[in-house]
Number of protein chains: 2
Amino acid sequence: MSLKSPSDQAKSKGLPPPTYHHGDLREALVQAGIEILEERGLAALTLRETARRAGVSHAAPYHHFSDKGALLTAIAARGFRMQHNAMAAAAQSTTDPGEGLQAYGLNYVSFAQNHPSLFRLMYTRECGPNTPPELAEASSGFYPKMVEGICAATGCSVEQASSISLLLWSTMHGLAMLWLDHQLLWEGHPPLDKLAYELSELLGRILQSPNPAP
Amino acid sequence: MSLKSPSDQAKSKGLPPPTYHHGDLREALVQAGIEILEERGLAALTLRETARRAGVSHAAPYHHFSDKGALLTAIAARGFRMQHNAMAAAAQSTTDPGEGLQAYGLNYVSFAQNHPSLFRLMYTRECGPNTPPELAEASSGFYPKMVEGICAATGCSVEQASSISLLLWSTMHGLAMLWLDHQLLWEGHPPLDKLAYELSELLGRILQSPNPAP
DNA sequence: CGGCAATCCTTACATTGTCAAGATGAGTTT
DNA sequence: AAACTCATCTTGACAATGTAAGGATTGCCG
């Protein structure tokens, strides 16, 4: 009896004894996937390993996800929700619209730093032009929220705010990505937080500078 | 005789008849890899498929690359060289330092648009902290070249130019990445070139705006 | 209480990365 | 020029992975 059956494994983990059928496997798989991602990186995030960690046979996930891609999509969607919550909390730590916007941006790169593999998975899914609606729904929201915040902070037109919003998003996203990919390793290589703060200060000037006619 | 031997395949492709031993397999593999990448995306870039396209057995690559990762690294390095050349050419199309800098940045995202999978491979290699020297050597160069260009265009200090350089790089990189990942699909979704130009114009104002003391 | 449908397991197969031996030919040495 | 040597290439094998088919188990609904 050297091999334990999947259900034995699950029970031996001390988890709340599932009524059977594992209770809510879909959720458990997503959770397990995120854990693997944070502990051992994207390369270790395999379907079978996820099932193993959830204490279930390797084909069980197919009753909840049509595909490995579907699992990854669900994990990415969960990641987007996590990031949304973290950023919203950061933005609400102040009442000043300008500071709120800055906190919003800084928290964007903080999240990338704290969850490197998850962040990469979220934004690196090569799902062609047909993005799964679950993902699209979860990932949308940054842009409109930023436009709103910029309008509140500067009182400029929605059109101008759109451009500025894209600028801020691109900058923070690019900084996070470059850091994740170890591209920011020149001499001195200050910590990521410092770089992000620098850039946010630099960008802050645009918000107050005069806007010449287009 | 339905199956052709690898060498037959290579010869039937009309390539310059190799003395044998394929001539320069390492180069052929990198080339084949780039082709697969552009035609069928990153998921299709498999070691065996690359060997197949190069007209060689599936284990042959191991005599030129220690690992699949090493192949990917070589392809990425090649990509960096391609991007360097393209950007340098774009920058030299004008004599005005400001315009040159703008062309430099716009070409950065153009390259990403024209070689989506290759671009992603280049910047998405999860090679931990121990980046292979071949890659590091090939990918370095953007930053110092931009700092130099910014100094020439604005006459500001090297320190300020460093911050601005990081800002430009991050912005263009982030824009390219977000576009590649289909994150820029809100209503209207203007073409990428237009967005890049918008941002470059917006950023241009920083270069001329007064710099308050730190 | 009986059947149904969902959930899960087992088995199986093609593909992939990787390794270990053999074959082959190019260049060098004698 | 003949023989040797070694890098290069091929063949065959193995474990791991994604995926599909069919059988077992369980909760639920009538």
Side-chain angles (χ1 to χ4, degrees), chain A residues 1 3-11 13 15 17-30 32-33 36-37 40-75 121 125-127, chain B residues 3-11 13 15-30 32-33 36-37 40-75 121 125-127:
Chain A
M1 299 295 277
L3 289 181
K4 294 188 290 185
S5 82
S7 47
D8 285 343
Q9 277 185 21
K11 276 166 191 161
K13 281 221 174 179
L15 302 178
T19 58
Y20 176 79
H21 274 193
H22 203 284
D24 184 2
L25 183 57
R26 187 189 163 95
E27 169 60 27
L29 288 170
V30 170
I36 295 173
L37 220 43
R40 299 194 290 158
L42 207 151
L45 180 53
T46 177
L47 229 188
R48 285 168 117 107
E49 176 63 24
T50 309
R52 236 169 271 148
R53 182 176 295 234
V56 121
S57 103
H58 62 257
Y62 280 87
H63 291 265
H64 299 270
F65 302 100
S66 66
D67 213 318
K68 181 187 183 183
L71 209 204
L72 298 188
T73 295
I75 295 177
L121 173 67
R125 301 250 38 229
E126 234 187 28
C127 41
Chain B
L3 289 180
K4 294 190 290 186
S5 84
S7 46
D8 285 343
Q9 278 185 20
K11 277 169 190 159
K13 281 220 176 182
L15 302 178
T19 57
Y20 175 79
H21 274 194
H22 201 285
D24 185 1
L25 182 58
R26 186 188 163 97
E27 169 60 26
L29 287 171
V30 171
I36 295 173
L37 220 43
R40 299 194 290 156
L42 207 152
L45 180 54
T46 178
L47 231 188
R48 285 168 118 107
E49 176 63 26
T50 310
R52 237 169 272 149
R53 181 176 295 235
V56 119
S57 103
H58 62 256
Y62 280 86
H63 292 266
H64 299 268
F65 302 99
S66 67
D67 212 320
K68 181 187 182 183
L71 209 206
L72 298 187
T73 295
I75 295 177
L121 174 66
R125 299 249 40 227
E126 234 185 30
C127 41

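The figures that follow rest on heavy atoms only: side chains count, while hydrogens, waters and symmetry mates do not. Lettering of chains follows the sequences in order, A, B, ..., and the numbering in each one begins at 1.
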> Can you tell me how far P of dT17(D) sits from CG of Leu71(A), to the nearest Å?
Replying inline: 14 Å
> Which atom names give the shortest non-hydrogen contact between Pro61(B) and Val56(B), and what distance separates them?
Replying inline: CD-CG1, 4.4 Å
> Taking OH from Tyr62(A) and P from dA12(C), how many angstroms apart are they, rounded to a whole number?
Replying inline: 18 Å
> Nearest-Å distance, CG (Asp24(B)) to P (dA26(C))?
Replying inline: 16 Å
>> If we ignore hydrogens and angles and just use 3.5 Å, is the side chain of Arg26(A) paired with the main-chain N or O of Phe65(A) as donor and acceptor?
In response: no
>> Measure CZ/Arg26(A) against P/dA6(C) and give the value in whole Å, please.
In response: 16 Å
> Has the side chain of His58(A) got a donor or acceptor atom sitting under 3.5 Å from an opposite partner on the base of dT10(C)?
Replying inline: no
> Which nucleotide sits closest to the side chain of Leu47(B): dT17(D), dT18(C), dC8(C)?
Replying inline: dT18(C)
>> With heavy-atom distances below 4.5 Å as the criterion, would you say the side chains of Thr73(A) and Asp67(A) are in contact?
In response: no
> Roughly, in whole Å, what's the span from CG in Leu45(A) to C1' in dA16(D)?
Replying inline: 15 Å
> Rounding to a whole Å, what distance do you find between Arg40(B):CZ and dT15(C):P?
Replying inline: 13 Å
>> By the 4.0 Å heavy-atom rule, please label Ala60(A) as base, sugar-phosphate, or nothing.
In response: sugar-phosphate
>> Just the rounded figure in Å: distance from P of dA20(D) to CZ of Phe65(A).
In response: 16 Å
>> Side chain of Arg48(A), heavy atoms from C-beta onward: which of dA13(D), dA21(D), dT17(D) has the nearest atom to it?
In response: dT17(D)
> Heavy atoms under 4.0 Å, any strand shown: does His64(A) hit a base, just sugar-phosphate, or nothing?
Replying inline: sugar-phosphate
> Can you tell me how far P of dG25(C) sits from NE2 of His63(B), to the nearest Å?
Replying inline: 15 Å
> Between dT7(C), dT19(D), dG17(C), which nucleotide has the shortest distance from any of its atoms to the side chain of Lys68(B)?
Replying inline: dG17(C)
> Of all heavy-atom pairs between Leu29(B) and Ala51(B), which one has the smallest distance, and what is that distance?
Replying inline: CD2-CA, 4.1 Å
> Do the side chains of Leu45(B) and Leu72(B) get nearer than 4.5 Å, heavy atoms only?
Replying inline: yes
> Counting side-chain heavy atoms from CB outward, which of dC9(C), dG17(C), dT17(D) is closest to Thr46(A)?
Replying inline: dT17(D)
